[in-house]
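Scroll down for the structure; my scribbles are underneath it.
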Amino acid sequence: MALTKKEFRQLLRDKSNLAIGIVLPIVLILIFGYGLSLDIRNSPLAVVMEDSSPSARSVVAKLESSDYFSVIRVTSMADAQALMDRRRVDGIVRIPADFSRRLERQDARLQLLLHGADANSAATLGRYVRGALNVWQQQQLDRARPSQAAGRVLLVERMWFNAANSSTWYLVPGLIALIMTLVGAFLTSLVLAREWERGTLESLFVTPVRSIEILLAKIIPYFLVGLLGLMMCLVSARLLFQVPIQGSLVLLLLSSMLYLVVTLGIGLLISAKTRNQFLASQIAIIFSFLPALMLSGFLFDLRNVPTFIRMVGSILPATYFMELVKTLFLAGNNWPLIAKNLAILTAYALFLLNAARLCTRKKLD
């Protein structure tokens, strides 16, 4: 009983344990429970109206009335393709110019193009479009007079940026981002904390070496280890899983190295602030790897979650690298998207390394 009372007193004194044991589970269950969903809502869908007949307009009206789509009307396939390339839309529905004429002959066709970077979401969106089209056809059949024949519409689907329609093509680039997050943040979260626990950091403080040099000495070995792991991931993705690399390989390597610096900065900042190996390792997993897994767009499309959860995801560096690495693997060199994500990751790297430097001043508390 005496030891039990002592542990309770120690637990109450250590606010970090209370936060991890009580507050954090509540926060995570609220965020994940309310914010994560496998369904899609208001998925942006471009509609190319080459036919302005009443039948074509009724098809578009049916799509617009659904909660699953956010319809964007465009007048040409070039405009729709530009939206798809910038990932402004998840799919394109093309209504050809001869739609109404062929509808009278009962052989009308609609074209559906899906963004296949996320194969699961694309398949779900395709099912919803087919369902909306089936409802429209049934309504047309119910309204037709007995002497008339209701038109039949065939939906022709094609998957862009994932011709094999394989979830592996979607998962493997995302796994590279998760591995870089785990290697960078988890391993470096221990290095400074280990020095504080062993008392060897005080010995470094009496030497002429500067704080930035201490950090660089800590970063370089783990950067090389992470770079080796990155190369193994890229070779495995290409040779074992046959994932194509549509964009520049050099750009993919440079952006991955930049993100590795970001994750190393996260780990060093955690290590410098906690000064405890166990606590640093737990925080690194909880605040870097798990959010990267759940809230970066790896498992769930962030556009289908509540605004607050989307805002939380937009804070994570992994969100931008996830989008960047998937674009380079599957879509190619989409320069506006690449430039935006590289600029954000560069800002994160500078901020985190500077914050870690400030937390590693040569002084004893």
So do L328 and L324 actually touch side chain to side chain, heavy atoms under 4.5 Å?
yes

Would the distance check show the side chain of S271 and the main-chain N or O of G267 forming a donor-acceptor pair, the cut-off being under 3.5 Å?
no

Which atom pair, heavy atoms only, marks the closest approach of L113 to M84?
O-CE, 3.7 Å

Please report the shortest heavy-atom distance between A237 and V172, naming the atom on each side.
CB-CG1, 3.4 Å

What are the two closest non-hydrogen atoms of G332 and I338, and how far apart are they?
O-CD1, 4.3 Å

At their closest point, which heavy atom of T263 faces which heavy atom of T181, and how far apart are they?
CG2-CA, 3.7 Å

Check: S65 side chain, K62 main-chain N or O, donor-acceptor pair, under 3.5 Å:
yes

Would you say that I219 contacts L353 through its side chain, given a criterion of any heavy-atom pair below 4.5 Å between the two side chains?
yes

Where do V243 and P173 come nearest, in terms of heavy atoms and distance?
CG1-CG, 4.4 Å

What verdict does the side chain to side chain contact (heavy atoms under 4.5 Å, CB included) test give for H115 and V89, after you've listed the backbone C-alpha separation in whole Å, the side-chain angles of each residue and the deciding distance to 0.1 Å?
CA-CA 8 Å; H115 199 297; V89 296; over 6 Å; no

For residues P96 and L110, report the shortest heavy-atom separation together with the two atoms involved.
CD-CD2, 4.2 Å

Scan side-chain atoms only and decide if D90 and S43 contain a donor-acceptor pair under the 3.5 Å cut-off.
yes

Ionic contact status for D85 with R88, cut-off 4.0 Å
no

Verify same cluster id: V261, L350 (apolar side-chain graph, 4.5 Å)
no

Partner set under side-chain hydrogen bond (donor to acceptor under 3.5 Å, both in side chains) for D98, not counting sequence neighbours
none

Heavy-atom donor-acceptor pair, S296 side chain to T319 backbone, under 3.5 Å:
no

Which is it for I72 and L45 under the side chain to side chain contact (heavy atoms under 4.5 Å, CB included) test, yes or no, and what are the steps along the way?
CA-CA 6 Å; I72 302 173; L45 185 70; over 6 Å; no

Test question: given the 4.5 Å side-chain rule for I, L, V, M, F, W and Y, name all other residues clustered with M311, or answer none.
none

For the atom pair CG (L230) and CE (M257), what is the distance rounded to the nearest 0.5 Å?
8.5 Å

Can you hop from I285 to L316 via hydrophobic side chains spaced under 4.5 Å?
yes

Without swapping roles, check the side chain of N341 against the backbone of L337 for a donor-acceptor pair under 3.5 Å.
yes

Under 3.5 Å: donor-acceptor pair, side chain of Q106, backbone of L103
no

Run the side-chain hydrogen bond (donor to acceptor under 3.5 Å, both in side chains) test against E50 and tell me which residues pass, sequence neighbours left out.
R94

Hydrophobic clustering (ILVMFWY, side-chain heavy atoms < 4.5 Å, transitive) - are L290 and F287 grouped together?
yes

So SG of C233 and CG of L178: to nearest 0.5 Å the spacing works out to 10.5 Å

Any donor-acceptor pair under 3.5 Å linking the side chain of S58 with the backbone of S55?
yes

Salt bridge or not between E323 and R87? Use side-chain N to carboxylate O under 4.0 Å.
no

Is it the case that N333 and S248 place a side-chain donor and acceptor less than 3.5 Å from each other?
no

Among residues two or more places apart or on two chains, list those pairs meeting salt bridge (charged side-chain N to carboxylate O under 4.0 Å, His left out) that have a residue in residues 280-300.
none

With the side chain counted from C-beta on, respond yes when N134 and Q138 share a heavy-atom pair under 4.5 Å apart, and no when they do not.
no

If you measure from CG on L352 to CG on L268, what distance do you get to the nearest 0.5 Å?
9.5 Å

R73 side, atom CZ; R57 side, atom CZ - distance, nearest 0.5 Å:
8.5 Å

Evaluate the side-chain proximity of L234 to L252: yes if any heavy-atom separation is below 4.5 Å, no if none is.
yes

Calculate, to the nearest 0.5 Å, the distance between atoms CD1 and CG belonging to I92 and L83 respectively.
7.5 Å

So, does N276 use its side chain to make a donor-acceptor pair with the main chain of F278 at under 3.5 Å?
yes

Listing request: all ring pair (Phe, Tyr, Trp, His ring centres under 6.0 Å) pairs with a residue in residues 230-259, at least two apart in sequence or in separate chains.
Y259-F321

Do D51 and R101 touch side chain to side chain, with heavy atoms closer than 4.5 Å?
no

Co-membership, hydrophobic cluster, residues I270 and I315, 4.5 Å side-chain
yes

Kindly compute the distance separating CD (E104) from CG (D107), expressed to the nearest 0.5 Å.
11.0 Å

Does the side chain to side chain contact (heavy atoms under 4.5 Å, CB included) test come out yes or no for F69 and V129, once each step is laid out?
CA-CA 9 Å; F69 317 118; V129 173; 3.7 Å; yes

Side chain to side chain contact (heavy atoms under 4.5 Å, CB included) between F329 and I176: does it pass, once the steps are laid out?
CA-CA 11 Å; F329 262 100; I176 293 177; 3.8 Å; yes

Hydrophobic cluster (4.5 angstrom, side-chain heavy atoms) - remaining members for V135
none

L249 and M231: same hydrophobic cluster, using ILVMFWY side-chain contacts below 4.5 Å?
yes

Parallel, tilted or perpendicular: which fits the ring planes of Y320 and Y348, with parallel below 30° and perpendicular above 60°?
tilted

Taking side chain as C-beta onward, heavy atoms only, is L345 less than 4.5 Å from P317?
yes

